[in-house]
Number of protein chains: 2
Amino acid sequence: MSVGFQDKTVAPGGPGMAPLNPVEVEVIHLFVQFSRALGQPRSVAEIYGLLFISHRPLPMNELIGRLELSKGSASQGLRYLQDLGAARTVYVAGDRRTHYEAVAELRNLAGRFLRQQILTHFQDSGARLAHITTQVEKLPGEERKHAIGRVKMLRSWEKNAKRMLPLVLRILGNGR
Amino acid sequence: MSVGFQDKTVAPGGPGMAPLNPVEVEVIHLFVQFSRALGQPRSVAEIYGLLFISHRPLPMNELIGRLELSKGSASQGLRYLQDLGAARTVYVAGDRRTHYEAVAELRNLAGRFLRQQILTHFQDSGARLAHITTQVEKLPGEERKHAIGRVKMLRSWEKNAKRMLPLVLRILGNGR
DNA sequence: CAATTTGTTCAATAAAAAATGAACAAAAAA
DNA sequence: TTTTTTGTTCATTTTTTATTGAACAAATTG
């Protein structure tokens with residue numbers, strides 16, 4: 001089918017591209033819902049969902065065609081998933097395109113995701129808390145008393161959050 | 001100070017409004033960071049942060065002035081926090097304005113937040129999974145085999161997530 | 001009563017996040 | 001070599017989300 005010229009950003013389930021079957025639709029929907037709860041972009045969830053349910057590795061090309069994504073979204077989404085360890089590349093003999101498959105080990109996945117989220121958002125919260133602890137002493141009487149209690153509370157919250165992480169990961173790990 | 005006429009949407013730390021002290025600034029910053037990780041709006045985090053560290057209940061008025069919020073944001077943010085159980089109203093004698101204080105019991109807070117997030121986003125995921133389970137049987141050989149495994153995996157993930165919730169809440173509860 | 005304060009609602013606007021697609025580069029095929 | 005395929009990057013556009021502030025209502029004060 002070599003008519004040449006135009007860029008092949010193939011249409012929805014376009015030329016020679018199977019439309020999504022009911023199971024694929026439902027599974028993708030599930031991941032999209034999940035992604036909303038986690039604040040991840042829909043396109044990434046769609047890509048992961050399709051890779052997850054697909055019985056063979058897929059090239060970017062096919063993700064674009066069947067999910068109606070732009071090249072840009074597909075490329076960026078795949079990179080994001082790879083960085084997260086949620087997708088990996090697969091060599092397919094006789095096809096020069098890179099193929100992708102889902103990595104489905106929940107333990108690693110969740111672990112990396114949590115770490116990424118937590119590290120980017122909480123980086124220096126420990127240092128900040130320490131700093132606040134000293135600043136609090138400079139407050140006038142009334143306020144100081146209350147503030148000291150609150151800062152203690154914050155530190156306790158932080159401690160519990162840290163205690164929780166490994167536990168959460170262990171439970172998730174049970175699911176393989 | 002009754003010159004009349006203009007709406008009192010008071011300026012930053014405006015007339016007769018104490019600017020935020022260093023401790024308040026830092027604590028608010030902490031909550032704002034936290035809110036980003038959880039995908040909550042900044043204004044809500046600011047309100048909660050100031051209520052949390054303040055040693056006395058505050059009227060909406062003061063939140064607007066010291067945090068430089070619009071009336072709308074303040075009103076909506078406070079309602080959101082109340083619905084979540086993260087803030088409550090307090091009666092202050094001789095002042096007709098409603099005053100607010102932070103509710104700092106992490107167990108309830110986290111519990112309600114998780115429930116809210118999960119219920120709104122996952123509502124019918126159980127039913128969906130059941131439906132997928134039946135649909136999978138209609139797939140052609142190759143695909144069916146793989147899909148059955150994946151669906152089993154999804155069900156296992158769901159089970160683990162459910163197991164985890166009470167545990168997480170229990171640990172958080174230890175912090176009072 | 002009229003004037004003022006307190007607070008809510010919601011259409012309009014601003015800000016942030018995600019998706020697009022054109023421009024480009026590298027590798028492979030013809 | 002030229003052409004085509006495969007893929008990345010990033011400025012622009014679209015979509016989504018959050019904030020604003022004007023209009024309004026209810027309660028309070030004088």
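Note that these values count all heavy atoms, side chains included, but never hydrogens, waters or copies made by symmetry. Here is the naming used below: chain letters follow the sequence lines, and residue numbers restart at 1 for every chain.
Every residue two or more places apart in sequence or in another chain was checked for a salt bridge (charged side-chain N to carboxylate O under 4.0 Å, His left out) with A:Arg115, and none qualifies. Shown here are the salt bridge (charged side-chain N to carboxylate O under 4.0 Å, His left out) partners of B:Glu143, two or more places apart in sequence or in another chain: there are none. Contacts of B:Arg112 classified as salt bridge (charged side-chain N to carboxylate O under 4.0 Å, His left out), with partners at least two apart in sequence or in another chain: none. Looking at residues two or more places apart in sequence or on another chain, you find no ring-ring contact (aromatic ring centres under 6.0 Å, His included) involving B:Tyr100. Every residue two or more places apart in sequence or in another chain that forms a salt bridge (charged side-chain N to carboxylate O under 4.0 Å, His left out) with B:Lys162 is listed here: B:Glu158. Applying the side chain to side chain contact (heavy atoms under 4.5 Å, CB included) rule to A:Val103 yields the partners A:Arg88, A:Glu105; only residues at least two apart in sequence or on another chain are considered.
Counting only residues at least two apart or in different chains, ring-ring contact (aromatic ring centres under 6.0 Å, His included) contacts with residues 105-143 of chain A comprise A:Phe122-B:Phe34. Sorted by first and then second residue, the pairs that involve residues 52-65 of chain B and meet salt bridge (Lys or Arg N to Asp or Glu O under 4.0 Å), not counting sequence neighbours, are B:Arg56-B:Glu62. Contacts classified as ring-ring contact (aromatic ring centres under 6.0 Å, His included) and involving residues 59-99 of chain A (residues at least two apart or in different chains) are not found.
As a whole-Å value, the separation of B:Tyr80 OH from D:dT19 P is 12 Å. One atom, CG of A:Leu78, and another, C1' of D:dG7, lie 11 Å apart when rounded to the nearest Å. Going from atom CD1 of A:Ile64 over to atom C1' of C:dA22 covers 14 Å, rounded to whole Å. Going from atom CG of A:Leu63 over to atom P of C:dA19 covers 14 Å, rounded to whole Å. Spacing between atom CD of B:Gln40 and atom P of C:dA16 amounts to 17 Å, rounded to whole angstrom units. Taking atom CE of B:Met60 as the reference point, atom P of C:dT5 lies 14 Å away to the nearest angstrom. Whole-Å rounding puts the A:Arg42 CZ to C:dT20 C1' distance at 16 Å. Rounded to an integer number of Å, the gap from CG of A:Leu69 to P of D:dG7 is 14 Å.
Applying the 6.0 Å contact sphere to CZ of A:Arg128 captures more than 12 heavy atoms from other residues, nucleotides or ligands. In this structure, A:Arg144 places its CZ atom where more than 12 heavy-atom neighbours from other residues, nucleotides or ligands lie under 6.0 Å away.
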Just the table, please: protein N/O against nucleotides 9-14 of chain C N/O, every pair under 3.5 Å.
from   : atom 1 : to      : atom 2 : distance (Å)
C:dT9  : OP2    : B:Arg79 : NH2    : 2.8
C:dC10 : N4     : B:Gln76 : OE1    : 2.8

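The shortest distance between the side-chain N/O atoms of A:Arg36 and the OP1/OP2 oxygens of C:dA18 is not below 4.0 Å. When the side-chain nitrogen and oxygen atoms of A:Ser43 are compared with OP1 and OP2 of C:dA19, one or more of them lie within a distance under 4.0 Å.
Among D:dT19, D:dG7, C:dA19, the nucleotide with an atom closest to any side-chain atom of B:Pro41 is D:dT19.
Heavy-atom distances under 4.0 Å link DNA chain D to A:Arg96, A:Arg97, A:Thr98 of residues 88-99 of chain A, given in residue order. Residues from residues 24-35 of chain B that place a heavy atom under 4.0 Å from any atom of DNA chain C: there are none.
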